Amino acid sequence: MDYLNSLEVPLQLDIWTFAAPGGKAAILVPEKNVERFQDQLSSYGIPFRIDVENIRPLLEEEDRLMNEAKVRGSKRNGGSKIGFDRIYNLTEVYGYLEDIANNYPDLVTLVNAGHSFEGRDVKYLKISTTNFEDKKKPVVVVQSLLHAREWVTLPPSLYAIEKLVVNVTDKDLIDKIDWIIFPIANPDGYEFTHTEVRFWRKNRATGYTPGDVCVGVDLNRNFDIFWGYHSTDNVCAETFHGSGPFSEPEARIVAGILHKYTSRIELFIDLHSTGSMIIYGWGTGDLPPNALRMHAAAIQMTAAIDAVKAPWNPNYTVGNVALIMYKASGITMDYGKKLGIPYSYIYELPRHRNSVGLDRFLVDPAFVYQAAIETWEGIKEGARYVRDRLNEY
Ligand SMILES: [Zn+2]
């Protein structure tokens with residue numbers, strides 16, 4: 001594993017999945033370095049196979065399907081409203097958040113929390129029947145797109161808004177709980193995945209290398225918790241942790257939300273992809289005191305998802321991040337835990353077409369609605385779990 005990771009920078013590898021005991025790595029290799037990479041692996045006795053010869057046709061296929069869905073959508077509803085038929089871009093999502101806030105002023109507050117590195121607004125919604133003034137109500141926070149390329153995480157956030165505001169079928173969820181929904185935590189990166197590089201993960205911070213040969217900080221390594229232990233100071237790497245804890249405005253904004261409501265946040269869910277997992281801290285592999293409870297709650301959430309999941313996807317698994325994925329430091333989930341949030345999780349949503357290869361971040365428009373409804377079942381279950389155990393922790 002260490003040897004493989006050491007090749008990341010010299011061979012300009014894009015490591016999609018880090019190798020783990022019993023688990024394969026998935027790596028995007030620039031064409032010019034393919035031969036060298038294979039030689040290095042062979043000389044070290046690391047078995048490998050080429051999963052996709054050329055990623056480009058897969059990207060073009062996603063574009064084509066999204067565009068078709070867009071044309072169908074605009075025929076149906078004039079293109080004005082957001083749906084669960086495709087992935088919507090930053091402008092469309094922000095327009096939707098504004099509409100929701102304008103149409104439901106008694107229930108929804110749109111917060112402009114500050115600016116991203118490139119100066120974009122960073123916006124989230126507060127949903128509350130009591131304007132967040134009832135201090136006894138627990139707060140549930142749902143965040144998505146901290147990692148820009150993980151498009152499949154957006155529909156569940158938007159669906160949460162639909163189910164809490166527009167099409168309410170579970171009134172207990174808003175009567176007894178206040179919600180913060182933060183659909184695009186990394187707006188610069190997200191915009192960049194639509195306009196330039198589909199598989200961009202980090203934010204778009206510059207100034208870290210002369211001439212900005214490499215840019216961007218992995219926001220999920222930039223938080224002030226175990227910062228720098230299991231991440232890298234190499235700017236070119238996907239897990240570059242920044243110049244220090246909270247060097248990045250986007251990470252400071254997320255932390256600001258968590259600080260503001262620390263005493264009331266019972267559940268924090270950071271949506272990521274991929275792998276069909278619900279994971280908890282710590283990223284070092286040590287377990288927090290309530291690990292057993294977090295595990296139990298996660299099992300209930302995964303059961304709720306599995307009951308309605310797409311039949312071709314595997315069941316969700318549950319565990320500590322370092323034990324079932326890899327060690328990681330400076331992550332948002334752990335920072336929430338550090339602040340004292342009892343239940344703090346990452347969801348890893350299902351892989352695209354069950355692929356373990358490089359194309360697993362792509363999104364089939366036909367899966368968008370399914371991703372939304374199945375993930376919502378987990379979020380709902382978690383929200384009720386913490387609400388019903390408020391005085392037990
Ligand atoms: Zn992620």
Side-chain angles (χ1 to χ4, degrees), residues 124 138-147 150 152-154 156-157 159-160 173 177 179-183 185 219-221 223 225-226 254-255 257-258 261-262 264-306 309 315-350 371-372 374-390 392-393:
Y124 66 89
V139 173
V140 172
V141 180
V142 178
Q143 168 177 285
S144 49
L145 287 175
L146 189 67
H147 284 150
E150 297 168 8
V152 74
T153 65
L154 180 61
S157 274
Y159 193 70
L173 293 174
I177 301 169
W179 294 77
I180 290 173
I181 312 289
F182 192 7
L219 296 172
N220 209 27
R221 299 293 182 276
F223 284 70
I225 174 75
F226 312 123
V254 176
I257 297 169
L258 299 181
Y261 303 102
T262 299
R264 293 178 55 200
I265 299 173
E266 291 289 321
L267 173 65
F268 172 62
I269 296 174
D270 192 12
L271 299 173
H272 286 255
S273 68
T274 63
S276 300
M277 291 181 272
I278 294 181
I279 54 184
Y280 53 86
W282 304 96
T284 56
D286 294 327
L287 295 175
N290 73 332
L292 196 57
R293 272 169 183 266
M294 282 208 292
H295 195 93
I299 295 273
Q300 272 189 231
M301 292 191 283
T302 58
I305 296 171
D306 288 342
K309 75 171 176 60
N315 285 334
Y316 266 66
T317 51
V318 172
N320 168 274
V321 54
L323 298 179
I324 68 170
M325 281 176 77
Y326 44 70
K327 288 184 178 179
S329 56
I331 58 181
T332 323
M333 169 180 76
D334 277 354
Y335 188 72
K337 195 74 194 150
K338 174 183 169 180
L339 293 180
I341 295 169
Y343 294 87
S344 188
Y345 296 102
I346 288 175
Y347 279 27
E348 295 283 357
L349 268 55
E374 66 178 48
T375 310
W376 174 239
E377 289 301 311
I379 296 170
K380 217 162 58 172
E381 185 73 19
R384 287 182 172 138
Y385 187 99
V386 299
R387 179 200 64 196
D388 295 344
R389 287 164 181 78
L390 263 189
E392 287 181 20
Y393 182 68

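Computed from a predicted model, the values in this text were never measured in an experiment. Along the sequence shown, residues carry numbers from 1.
Expressed to the nearest 0.5 Å, how far CD1 of I379 lies from OG of S157 amounts to 6.5 Å. In this structure, NZ in K327 is found 8.0 Å from CG in D286, a value given to the nearest 0.5 Å. Between M333 atom CE and Y343 atom OH the span is 15.0 Å, to the nearest 0.5 Å. Atom OG1 in T317 sits 9.5 Å away from atom CD1 in I299 (nearest 0.5 Å). For the atom pair CD1 of I257 and OH of Y124, the computed distance is 4.5 Å after rounding to the nearest 0.5 Å. To the nearest 0.5 Å, the span separating CD on E348 from CD1 on I279 amounts to 4.5 Å.
A distance-only check finds a donor-acceptor pair linking the side chain of S144 to the backbone of P183 [under 3.5 Å]. Looking only at distances, no side-chain donor or acceptor of D334 sits under 3.5 Å from a matching main-chain atom of I225. Listed for the R387 side chain is no donor-acceptor partner under 3.5 Å among the backbone atoms of A383. In this structure, the side chain of N320 engages the main chain of L323 through a donor-acceptor pair within 3.5 Å. A distance-only check finds no donor-acceptor pair linking the side chain of E377 to the backbone of A304 [under 3.5 Å].
Using bins of under 30°, 30° to 60° and over 60° for the plane-to-plane angle, the ring pair W376/W179 lands in the tilted bin. Aromatic ring pairs are classed by plane angle as parallel below 30°, tilted from 30° to 60° and perpendicular above 60°; the pair H147 and H272 is perpendicular.
Closest of all the heavy-atom pairs between L287 and G281 is CD2-O, 4.1 Å. Minimum heavy-atom separation, G283 to I331: CA-CD1, 4.5 Å. Between S329 and R221 the shortest heavy-atom distance is O-CD, 3.2 Å. The minimum heavy-atom distance between E266 and P342, with the atom names listed, is OE1-CG, 3.5 Å. A255 and Y335 make their closest contact through CB-CE2, 3.9 Å (heavy atoms, listed as atom of the first residue, atom of the second, distance). Summarising the geometry of A371 relative to V152, their closest heavy-atom pair is CB-CG2, 3.8 Å, with the distance given to 0.1 Å.
Counting only heavy atoms from C-beta outward, the side chains of F182 and L146 never approach each other to under 4.5 Å. At a threshold of 4.5 Å between non-hydrogen side-chain atoms, the residues Y280 and V321 do not count as touching. Between P350 and E374, the closest side-chain pair of non-hydrogen atoms falls below 4.5 Å. At least one side-chain heavy atom of Y316 sits less than 4.5 Å from a side-chain heavy atom of L349. Side-chain contact between T153 and Y347 is absent, with no heavy atoms from C-beta onward closer than 4.5 Å. Considering only heavy atoms from C-beta on, K337 stays 4.5 Å or farther from F268 through its side chain. Residues P138 and L390 have side chains in contact (heavy-atom distance under 4.5 Å, counting atoms from C-beta outward). For the pair V254 and F223, the minimum side-chain heavy-atom distance is below 4.5 Å.
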Test log, rule side chain to side chain contact (heavy atoms under 4.5 Å, CB included), inputs V141 and I341 = CA-CA 11 Å; V141 180; I341 295 169; over 6 Å; no
task = Quick one: do L173 and R384 satisfy side chain to side chain contact (heavy atoms under 4.5 Å, CB included)? Show the steps, please.
result = CA-CA 7 Å; L173 293 174; R384 287 182 172 138; 3.9 Å; yes
task = Let me see the working for I265 and L339 under side chain to side chain contact (heavy atoms under 4.5 Å, CB included), right down to the final yes or no.
result = CA-CA 10 Å; I265 299 173; L339 293 180; over 6 Å; no
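Remark: of the listed residues V140, V139, V142, L258, V139 is the sole one forming a side chain to side chain contact (heavy atoms under 4.5 Å, CB included) with I180.
Within 6.0 Å of NZ in K338 there are more than 12 heavy atoms belonging to other residues, nucleotides or ligands.
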